[in-house]
There are 2 protein chains.
Amino acid sequence: MRITNQREIILEELRRLRTHPTADELYEVVKRRLPRISIATVYRNLERMSEAGIIHKLENGGRQKRFDGDNRPHSHVFCIRCGRISDVRTVEGASARDLILDSKGFQIIEGGLQFEGVCPSCQDNEKLEAN
Amino acid sequence: MRITNQREIILEELRRLRTHPTADELYEVVKRRLPRISIATVYRNLERMSEAGIIHKLENGGRQKRFDGDNRPHSHVFCIRCGRISDVRTVEGASARDLILDSKGFQIIEGGLQFEGVCPSCQDNEKLEAN
DNA sequence: ATTGGTGCAAATGCTTTGCATAAAG
DNA sequence: CTTTATGCAAAGCATTTGCACCAAT
C-alpha cells in the first residue's frame, strides 16, 4: 500500500474526527485540504484501510456506512432514528469471542457487542413530536 | 396492518427458510406461490414487519440486507466473504443489555452479540484458491 | 521505468416511491 | 364505502468501476 497524500490526509482526518463519519462527511472535511480529491478516492481508501485493519467500517441499519479511525476493540451504540453512533463502555473481560459456544463451523475473526437505541437528540425530537 | 395474502405468504416463507434470506431470495421463493407479486411488495412488507418487531432485519458489512423470521433474541455470525449468516449459541445470561456500563445518554432498545468470520464453504474456497 | 493510485463520469445494484388499480375491513 | 396494499415502472442514492492520466517507489 503506497503512501499517497490523499491516503495520509484521509486517515489523519478520520482519526481527528470522533463522530464516526460517513464517507461523504469525511470527503467534505478532506476536500478543505485537498480541493481536487474525488469521492471515489475516499471510498477506495476507506475500503483498503478497513480491509487492512487500520480503521473500522461500521454498519448501521441499512443506512450509509460509517467509519471509525479508532481501531482498538470497543463497542458502539447506533441510533435507530438518526444513524448517529457513539462509543460505549462495557464490562472488562467480557469479550464476545469468549462468549461464543458454537460457531457453526465459522472461523471467527472478530466479535463485538452491538447496541441499538435512541440518541439524546432524537429523544428530544420525539418529545417535541408528541405535541 | 391489514392481513393480505402477500403479507401472510411472505411471513410464512420467511419463517420456513432458516437461511436468513435477502429480499430478492425471498421474492424468488414467494413468487412460486404468488407469481404476480412485485419485489416492491416484498420490500415494503419486510420493512413494515421488522418495524413491528414481527421479524428481524440483519445488516451485513454493507451487503444486501438479510431477514430473519425468528424474532426470539439470539446472536448471529456473518461470513465476511460470502455474506452468509448463521445463528450461534452464546452463554446464558450474558445479555448485552446487562453488560453495558455507560450508554452515552442513548435509550437502549436492544443489544446483541455480533460476530464476523468465514463460513465453512468459504473456508473450502480459500483452500482451493491457495493452489 | 514500472506499478499502483487518482479523478472523472458513467454504471451498478439494492431499495424506495409515485401512481393507478385492486383488495380488505 | 373508505382506507390500505399492490404491481409496475421509474427514480434514488450510496457505492463501485472503467479508463486515461499522474505520482510514488
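What you see is a predicted model; the values in this text were computed from it and never measured. All chains are named by letter (A, B, ...) in the order of the sequence lines, taking the proteins before the strands, and each is independently numbered beginning at 1.
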Review point. Should the ring pair His20(B) and His76(B) be called parallel, tilted or perpendicular, given that the plane angle runs from 0 to 90° and is split at 30 and 60?
Key: perpendicular

Review point. Does the side chain of Ser38(B) get closer than 4.0 angstrom to OP1 or OP2 of dC8(D) through an N or O atom?
Key: no

Check your understanding: When you look at CZ of Arg33(B), are more than 12 heavy atoms from neighbouring residues, nucleotides or ligands closer to it than 6.0 Å?
Key -> yes

Review point. Does dT6(C) have OP1 or OP2 sitting under 4.0 Å from an N or O in the side chain of Thr4(A)?
Key: yes

Check your understanding: Within the side chain of Asn71(A), is there an N or O that forms a donor-acceptor pair under 3.5 Å with the backbone of Gly53(A)?
Key -> yes

Check your understanding: Can a side chain N or O of Arg36(B) be found less than 4.0 Å away from OP1 or OP2 on dC8(D)?
Key -> yes

Exercise for review: Mind calculating the distance between CG (Leu34(A)) and P (dC8(C)) to the nearest angstrom?
Suggested key: 12 Å

Check your understanding: Between atom CG in Leu26(B) and atom P in dT15(C), what is the gap in whole Å?
Key -> 12 Å

Check your understanding: How far apart are the C-alpha atoms of Met1(B) and Arg7(B), what are their side-chain angles, what is the distance that settles it, and do they pass the side-chain contact (heavy atoms from CB on, under 4.5 Å) test?
Key -> CA-CA 10 Å; Met1(B) 193 144 55; Arg7(B) 191 159 286 162; 2.8 Å; yes

Exercise for review: Identify whether any heavy atom of Asn5(B) sits under 4.0 Å from a base atom; if not, whether one sits that close to sugar-phosphate; answer base, sugar-phosphate or nothing.
Suggested key: nothing

Point to revise | Donor-acceptor pair under 3.5 Å, Arg44(B) side chain vs dG7(D) base | key: yes

Review point. Starting at CD of Glu28(A) and ending at P of dA14(D), how long is that distance when rounded to a whole Å?
Key: 12 Å

Review point. What's the closest nucleotide to the Ala40(B) side chain, out of dG7(C), dT6(D), dA9(D)?
Key: dA9(D)

Revision key, fill the gap. When rounded to whole Å, the CD1 to P distance for the pair Ile37(B) and dC8(D) reads 10 Å

Practice item. Starting at atom CG of Asn45(A), determine the distance to atom P of dG7(C), rounded to an integer number of angstrom. Key: 9 Å

Review point. With a non-hydrogen cut-off below 4.0 angstrom, is Ile39(B) in contact with a base, only sugar-phosphate, or nothing?
Key: nothing

Practice item. Please determine if a side-chain N or O atom of Tyr43(A) lies less than 4.0 Å away from the OP1 or OP2 oxygen of dT15(D). Key: yes

Study note, to complete from the structure: Ranking Ala23(B) and Met1(B) by the position along DNA chain C of their nearest nucleotide, the one closer to 5' is Ala23(B)

Point to revise | Leu46(B) CG to dT15(C) P, straight-line distance once rounded to whole Å | key: 10 Å

**Study point:** Distance-only donor-acceptor test, Arg2(A) side-chain atoms vs dT25(D) base atoms, 3.5 Å
**Key:** no

Check your understanding: Nearest of dT16(C), dT6(D), dG5(C) to any side-chain atom of Lys65(B)?
Key -> dT16(C)

Review point. Would you say Leu46(B) and Leu14(B) make side-chain contact, with heavy atoms under 4.5 Å?
Key: yes

Review point. So does Arg48(A) reach the base of dG5(C) with its side chain, donor to acceptor, closer than 3.5 Å?
Key: no

Practice item. Please state whether the phosphate of dA23(D), meaning OP1 or OP2, lies under 4.0 angstrom from any side-chain nitrogen or oxygen of Gln6(A). Key: no

Review point. What is the distance from NZ of Lys31(B) to P of dG7(D), rounded to the nearest Å?
Key: 12 Å

